[in-house]
Amino acid sequence: MSLNLLRWLLAPRTSLLARRIRRTRHYEISSDAAWRLARLRLHPDEVPYRNHGHSPAS
């Protein structure tokens, strides 16, 4: 099963928003980046998870 199909099945609202984001930006961003952007717009409480691992090592 592909990642895109799995995302459609598990989070259809996020997938629809990602598709709309990608279309309005004339497909300049990848579907993966659009999906992550849509996920954060719909679920702002998940921002710490996105930021995890992207900070410099202490």
Side-chain angles (χ1 to χ4, degrees):
M1 184 179 297
S2 73
L3 181 60
N4 287 334
L5 178 60
L6 187 62
R7 284 178 172 169
W8 271 101
L9 292 173
L10 296 177
R13 188 169 159 221
T14 303
S15 297
L16 284 172
L17 180 57
R19 190 174 183 189
R20 189 176 310 134
I21 289 170
R22 203 160 174 243
R23 198 172 356 139
T24 58
R25 294 185 182 200
H26 305 289
Y27 300 96
E28 293 174 348
I29 63 173
S30 69
S31 58
D32 190 47
W35 197 89
R36 281 186 259 144
L37 183 61
R39 188 73 188 170
L40 293 177
R41 282 189 188 171
L42 292 174
H43 304 279
D45 56 314
E46 293 183 5
V47 170
Y49 296 112
R50 191 202 86 187
N51 294 337
H52 182 72
H54 294 284
S55 59
S58 300

Using the test side chain to side chain contact (heavy atoms under 4.5 Å, CB included), find all partners of A38 that sit at least two apart in sequence or belong to another chain.
T14, L17, A18, I21

Applying salt bridge (charged side-chain N to carboxylate O under 4.0 Å, His left out), can you list everything that pairs with R39, at least two apart in sequence or on another chain?
E46

Count I, L, V, M, F, W, Y as connected when their side-chain heavy atoms are under 4.5 Å apart, and connections chain through other members. Are L37 and V47 then in the same cluster?
no

Ignoring hydrogens, what is the shortest heavy-atom contact between S15 and W35? Give both atom names and the distance.
OG-NE1, 3.4 Å

How close do R22 and A34 get, counting heavy atoms only, and between which atoms?
CB-CB, 4.2 Å

Enumerate the salt bridge (Lys or Arg N to Asp or Glu O under 4.0 Å) contacts for residues 3-21, please, sequence neighbours excluded, ordered by first and then second residue.
R7-D32

